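For reference, the structure discussed in these notes is given below.
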Amino acid sequence: MARGGILRGAGTLVSSRVAGLAFTFVQIKLSVTYLSPHGYGLLSTAVLLVGTFEALTELGLGSIVVRRVSGGADLQRTAGLAKAVAITIMGPLVAVAIACGSVLYSDPQVVQGVAILATGLAATMWSATFVPIAQVTDAFGGISAADIGGRIASLAIVVVAVAGDLGLAAFFVAQLAAPLTRALISHLWGRRQGHFPPVFEWRAMRDLLCEALPLTYIAVISGLYFQLDGLLMTKLTTPSEVGAYNLAYRIVVNLNIIGTAAAAVLIARYSRAAAIGDERYRHVLRLSAPPLLALCLPVATLLWPFSDEIVALVGSEEFVPISAGPLSLLWVSAALALLTTVISSALVAGHAQNFLATLNTINLLLNLVLNLVLIPRLGATGAALALICTELSGLSVCLVMLTRRLGWFIPVRAMLILCGCAAAALVTGHLLAGVWWIVRGLIMAVTFFGLALLTRAVTPAGMRELSGAA
């Protein structure tokens, strides 16, 4: 593998998705302004329910494909088996999602929205079959293009819906356009990478699915974990409160793509290192820790001062009183989720998926209890607090698990220096209180990353070594 592959892969994924944020934020702005809190709450209710089923669109098969190929299995055959499993499950998954929408909700607009959005689950499942191909080959251009293409298609329909005053149903169609476009672009990209036809060998498909079952369970639990707060809010609060929380969550969840991109790029490194031995495994984990901390600390510490302005910019002034508070808390949960996503991929590479399944089950139950207690009292703020508590507990246990197996691998010096860099950036922001908030935020970011490089908490040499770690 060429040195620099990880930098290209991570750079391609992150830069494309950061660029895609512009399309997503414009879409949110138009949707919130047109629909008002109540209408946006109805849209959010359908999105949250269908989003729960998205955990079943990947089934953990991608990680197994990467792990098998890293161990010497044939990529074409292994990816083909994963495609065959996906095709077999698509229809039943869509049908169950539509049935749940009809049973859980009486509002005809929500039921209609669930039926429209549920068909996108099949497209999402098909797109997911191409991700392990990109991970193994370090060719992330097609996946990135699919993501941006989906966002552009969705935004285009929203623009038409607003201009033509087409009503709520058009916004459901806009949400559906994103997975359909991603599936099409991913399929066309996959054909350029090679011939990866579905392989319908039932015994081999069963073996692949059985190997992935712990990861499937983890995916289901994780999906419920991230959607549970929103689903409970649809039953315990008003549509306006649901819309307010979903707006804050939609802003934050776009940052989670950083963790997803980092995990997608690093899992192949972790898998190969774990296959070599614990010493190599620990070394790669230690190499990856400083850049990961440099990504998550600004999310947790530098964004919350701008929550009011961000809600007004992405949404509207009408949402600031009810969305800004939860958003401030969700920045912290997003940073913790970023770290947990990557650490979980490292555990999967080390064949610790059974441990993750147990941990995620406990975390889901904890999240359920906290939401039932906090949402009736604090609404969206309570749901955000529940996420922070469970993310923190899950990350702590994962780090303890890795440390018990590999010994201490967290670079304390780099962690302390990066915390100091974050504190310096916050002080800088306070001193520039009269400056336009966007300029102030950029100066704070430059301060943080500049100090991180000057203090050598993160070094180009370390990144180059990590790039060649496979």
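Values below: every heavy atom of this structure, side chains too, minus hydrogens, waters and symmetry copies. Just so it is clear, the structure is predicted and the values come from calculations on it, not from any experiment.
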Heavy-atom check, side chain of [X] versus side chain of [Y], under 4.5 Å:
X    : Y    : result
L75  : F196 : yes
V314 : R250 : no
L366 : C389 : no
L368 : L364 : no
Y245 : I375 : no
Q112 : P108 : no
W331 : L302 : no
L313 : F25  : no

message = Counting neighbours of CH2 on W304 that are heavy atoms of other residues, nucleotides or ligands and sit closer than 6.0 Å, is the number greater than 12?
response =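 Result for CH2/W304: open.
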message = Please evaluate residues T88 and W202 with respect to the criterion side-chain contact (heavy atoms from CB on, under 4.5 Å), reporting the C-alpha separation (whole Å), side-chain torsions for both, the decisive distance (0.1 Å), and the verdict.
response = CA-CA 11 Å; T88 304; W202 301 109; 4.0 Å; yes
May I ask you to decide if [Y]'s main-chain N or O and [X]'s side chain share a donor-acceptor pair within less than 3.5 Å?
X    : Y    : result
Q76  : H195 : yes
N371 : N367 : yes
T33  : L30  : no
Y34  : G167 : yes
S328 : A324 : yes
S333 : I388 : no
S154 : R151 : no
R440 : V435 : yes
T129 : W126 : yes
S323 : V320 : no

Which heavy-atom pair separates [X] from [Y] by the least distance, and what is that distance?
X    : Y    : result
V85  : L209 : CG1-CD1, 4.1 Å
P326 : A380 : CG-CB, 3.6 Å
A118 : I98  : CB-CG1, 3.6 Å
A334 : V299 : CB-CG1, 4.2 Å
I185 : A145 : CD1-O, 3.8 Å
L176 : L117 : N-CD2, 3.9 Å

message = Could you walk me through whether L48 and Y249 satisfy the side-chain contact (heavy atoms from CB on, under 4.5 Å) test, starting with their C-alpha distance in whole Å, then the side-chain angles of each, then the deciding distance to 0.1 Å, before giving a yes or no?
response = CA-CA 11 Å; L48 286 167; Y249 187 79; 5.7 Å; no
Rounded distance (nearest 0.5 Å) linking atom [atom1] of [X] with atom [atom2] of [Y]:
X    : Y    : atom1 : atom2 : result
L121 : L56  : CG    : CG    : 9.0 Å
T181 : I148 : OG1   : CD1   : 13.0 Å
C296 : L338 : SG    : CG    : 6.0 Å
M444 : T301 : CE    : OG1   : 7.5 Å
L208 : T78  : CG    : OG1   : 7.5 Å
C398 : L359 : SG    : CG    : 5.0 Å

task = Decide side-chain contact (heavy atoms from CB on, under 4.5 Å) for Y40 and I28; before the verdict, give the C-alpha distance in whole Å, the side-chain angles of both, and the deciding distance to 0.1 Å.
result = CA-CA 10 Å; Y40 191 70; I28 294 173; 4.2 Å; yes
request  = Measure the acute angle between the ring planes of F130 and H187, then classify it against the limits of 30° and 60° as parallel, tilted or perpendicular.
outcome  =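 Ring orientation of F130 relative to H187: perpendicular.
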request  = Before giving the answer on side-chain contact (heavy atoms from CB on, under 4.5 Å), spell out for V94 and F53 the whole-Å C-alpha distance, their side-chain angles and the decisive distance to 0.1 Å.
outcome  = CA-CA 9 Å; V94 172; F53 289 91; over 6 Å; no
key: Partner of L42 under side-chain contact (heavy atoms from CB on, under 4.5 Å), chosen from L168, V47, V242   =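 Running side-chain contact (heavy atoms from CB on, under 4.5 Å) over L168, V47, V242 with L42 returns exactly one hit, L168.
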request  = Give me the one residue out of R77, R206, K83 that meets salt bridge (Lys or Arg N to Asp or Glu O under 4.0 Å) with E201.
outcome  =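 Option passing the salt bridge (Lys or Arg N to Asp or Glu O under 4.0 Å) with E201: R77.
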